[in-house]
Structure formats: structure tokens, C-alpha cells
**Q** 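Take this structure, written in C-alpha cells, and hold onto it; I'll ask about it next.
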Amino acid sequence: MRTPVDDYLADVLTRCRDNTDGALADYIPELACVDPSLLAAAVCMADGTIYAAGDVDHRFTIQSMSKPFVYALALRDLGEREVAARVGVEPSGDAFNQLSLGRDGRPRNPMINAGAIAVHSLIGGPDASDAERSRRILDGISAFAGRRLDVDDAVFESEFETSFRNRGIANMLRSVGVITQEPRDVVREYTRQCAIRVSVRDLAVMAVTLAMGGVNPRTRERVVPAWVCRQVLSVMMTCGMYDAAGDWMTSVGIPAKSGVSGGVLGALPGHVGLAAFSPKVDDHGHSVRGVRIFERLSRDLSLHLMEVQEARVRILQSSGEVELRDGTARHVQLRGALYFGSVERLLRELDDIPPGDALVVDLTEVAHINPIGRRMLLDAMARLGEGRRLVLVDPSGRLRNPRETGLDLDVVRKIADEQ
Ligand code: GLU
């Protein structure tokens, strides 16, 4: 069935198609031969459902969009401290290929080439061979995509042959000890990393895996731990769009990464993964039409991170009286998401209920609860239960992991027994 989302995406592409600004990234000779009219977009939902429009099966090289994922693999395998010893997290405000280091001698962040080359060199540890490092990276990026990816050898060779600038960066890194291997070998394998082939669908799945805390919703594989995703998304937000990061934050407001092949991917935490592709890029190396597509998606679908979200839990209006075996009780039916802001408000509303009234708190319609929401609600249940009959209706077991909440087990049992 064609859904409104399919039609909407097709419409977004139609509106962006006329824009022919920008130029092919011809510093990589093979990219200068690409058809500039190619255009595609994809959205992957939190449950793995994919919507896509345009040249959805066209495959192109991942280029700098590999950087957040290789950073994630390095964090997973080496830990935050060891990775932070080699690369910072501050926006550089420089172009992606600037030969620059921070005052402390580290590359400023893992999204510019200097930082990405440093992070690439860490994969597999100092003793890993070039082949081993490359294999781990291809395996890891494939796990994010949920299918086996491969390398575009023509783009790889073409870029490596002309990679004078990246070799200059790697030599600079070697001279200050940020990388320990032979610079030319590191640049060769980094270039191979950038030549991994993907489609917009792959990028959207990779993005949603970051957005959903590291579990690929299509394969159900946990690729990286949740803390890694938080770190990677933070760095994408501040550094992913290089020297256009401020413009991007204000106009789109989604953690993102671009690549000079013309791809852009974005990951909105807990919500959605997005991808766009069109080969002509602007002076920053971002796809011109890709940026337009993201501006539209952000505005039309209210995806800007800084957009005010309403407190998302409410007591259903229909909540009235409910019959229990031994009398009637007030029925409090909750709907929405339970997190700090929404539960705080809910607790104040529950406070208005007169003491002594029997209560049924019904979580059947609750869509999501995070650890602090659960903890606060359990605590409130214990207090509400003092001096009254309290029944909890919780068919999905959202409040039932007392060990995780750190609350008194008796409190939880008392609540569960009442059901
Ligand atoms: N492989 C490209 C380079 O290192 C990636 C740059 C980009 O996509 O922004 O120059």
C-alpha cells in the first residue's frame, strides 16, 4: 500500500529537483563522472519501517558519512578515555580537510579528516594489520546497515592515487604521535573506508540504529552500547557539518553527517533516521539538494531538536469510575510517554485526588517510559497507595523491574498484588 509518507517524500524530491546549484566533488576524479541528476531520500522509523523515494537503489560511496560509525566502533572497542586521548570533541570551524590540530596536539574532532584518520588508526588496536583494521570497519559498518556492504574499488583507487592532502594530514599526525603506523598505509585504509558503497536506504537504517541507542531495528542486533550513541550524536550535532554546523543547527537541528559523494544522513534520538542523496555539493562539501531536503523534512515533520515538545503524558478525559469487586474506584488512564517532565506534571495532577478514594492507575495506553519516569511513577504509586486501595493496570509490565529502579521490593510487590 502506498502511504502518505511515500507520497510526501516523492513530493519533497519534486520540489528540490530544479535546484542545480553546486558542483561534483572532482578532487576525487571518479566522483567527477557521476550523473549529477541523481536524487533520493529515505526515512527509517524506530521499528525499522523504511520509506524511500527517487533513485533509492543507486549506490554511492559513503565518504565522510563513515566517520561517526567508525568513531562509534572505536569508542565501543577502546572506551571513551583511550579515544579521547587521540581526538577531541570541539567544533573546529575549519573545512573538513584542514591540516590543523588543537592547542593540545590532538585533532579537534573525529568528523574532520584529521580526527577521522586518527580514529581510523585506532580500530583493532596498535598491532592490527591494515587488512584486519579494514575488515573490522567493513564488518562494523555493515552491522549498522543490517546487510553486507562492499567497497567501490574504482572510487577507492581514484581517491587514493590523488590523496596528497590526506597524506599531508597523516604525516602531521604521525609527527606528533597521534598515529603510530606508517602514514601512507593509514591513508590507504582510511580511503578504503570512505569508498564503502551504500544506498539511501542503508544510510537511513544506519542513522536510526544510532538514534535508537545502538540496536539495529531491522536485524535486532546490538551494534554499539547506548552511551556510545549519545557521544556520537553529540559530536555529529556540533561538528558533523564542519564549518556550516551553526547554520545546520538553526535551520535543520538534527545530528547529521554529510559526505562529498552527495549523501547526508541524520539521526533524531529515539525517533527516526533520515538520509538524502544528490551528487552536487556546495563549498562546505555538503550535497546542495541534500541540505534542502533536510530543511524541508525538519520543518514539515517538526523534527528540529530544539522544537518545544508538549508534555507528552496525559490523563484520558474519559477516565471515570471503574467497578472493582468490592466497590468503585477512580479510573486514571494514562496515555503518552513517561519521562521526567511529563511524570512531574502528572504527579501534581494526581495530588489533587482526595485522600482515601480508591484508585485504578492504568498504563495500558502508555507508549514509552524511561528509567527516571519509571522511578518517579513507582515512588508516586507507593505514596498514593498509603491509606487507600490502589490498583495498577500494567499489561506490558512497564513498571515491573524493581531491581532496575532501585526501589524497595515490597513497594512493588504490594502494588503488583493488588492487581
Ligand atoms: N574521502 C573524503 C576525504 O577524505 C571524505 C571527505 C568528505 O566526504 O567530506 O577527502
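No experiment lies behind these values; they were computed from the predicted model shown. Just follow the structure's listing: the first ligand is 1, and inside any ligand the first atom is 1.
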**Q** For ligand 1, does F160 get within less than 4.0 Å through its side chain, its backbone, both, or neither, judged by non-hydrogen atoms?
**A**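 Neither part.
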**Q** Take the angle between the ring planes of F277 and F60 and call it parallel below 30°, perpendicular above 60°, tilted in between.
**A**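 If you compare the ring of F277 with that of F60, the planes turn out parallel.
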**Q** For ligand 1, indicate whether the residue M65 contacts it via side chain, backbone, both or neither (heavy-atom separation under 4.0 Å).
**A**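 Under 4.0 Å from ligand 1, M65 contributes no heavy atoms.
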**Q** Just by distance, do the side chain of T49 and the backbone of M45 share a donor-acceptor pair under 3.5 Å?
**A**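 No: the side chain of T49 does not pair with the backbone of M45.
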**Q** Heavy atom under 4.0 Å from ligand 1: found in N166's side chain, backbone, both, or neither?
**A**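 Within the 4.0 Å criterion, N166 contacts ligand 1 through side-chain atoms alone.
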**Q** Check each of Q63, H120, R188 against Q193 using the side chain to side chain donor-acceptor pair (under 3.5 Å) test, and report the only one that passes.
**A**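 One option only clears the test, and that one is H120.
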**Q** Has D202 got a side-chain atom pairing as donor or acceptor with S199's backbone, closer than 3.5 angstrom?
**A**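 Yes: the side chain of D202 pairs with the backbone of S199.
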**Q** Within a distance under 4.0 Å of any heavy atom of G259, pick out the atoms of ligand 1 and give their elements.
**A**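 Answer for ligand 1: 8 (O).
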**Q** Between N113 and ligand 1, which part of the residue brings a heavy atom under 4.0 Å of the ligand: side chain, backbone, both or neither?
**A**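 Just the side chain.
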**Q** Ligand 1 versus S64, non-hydrogen atoms closer than 4.0 Å: side chain, backbone, both, neither?
**A**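 Under 4.0 Å from ligand 1, S64 contributes backbone and side-chain atoms.
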**Q** Going by atom types only, do N113 and K67 share a side-chain donor-acceptor pair under 3.5 Å?
**A**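 There is such a pair between these side chains.
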**Q** Looking only at distances, can you tell me whether any N or O atom of V260, backbone or side chain, sits closer than 3.5 Å to an N or O atom of ligand 1?
**A**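 Such a contact does occur with ligand 1.
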**Q** Determine yes or no for a side-chain-to-main-chain donor-acceptor pair under 3.5 angstrom, with H286 supplying the side chain and M241 the backbone.
**A**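 Checking the backbone N and O of M241 against the side chain of H286, a donor-acceptor pair under 3.5 Å is found.
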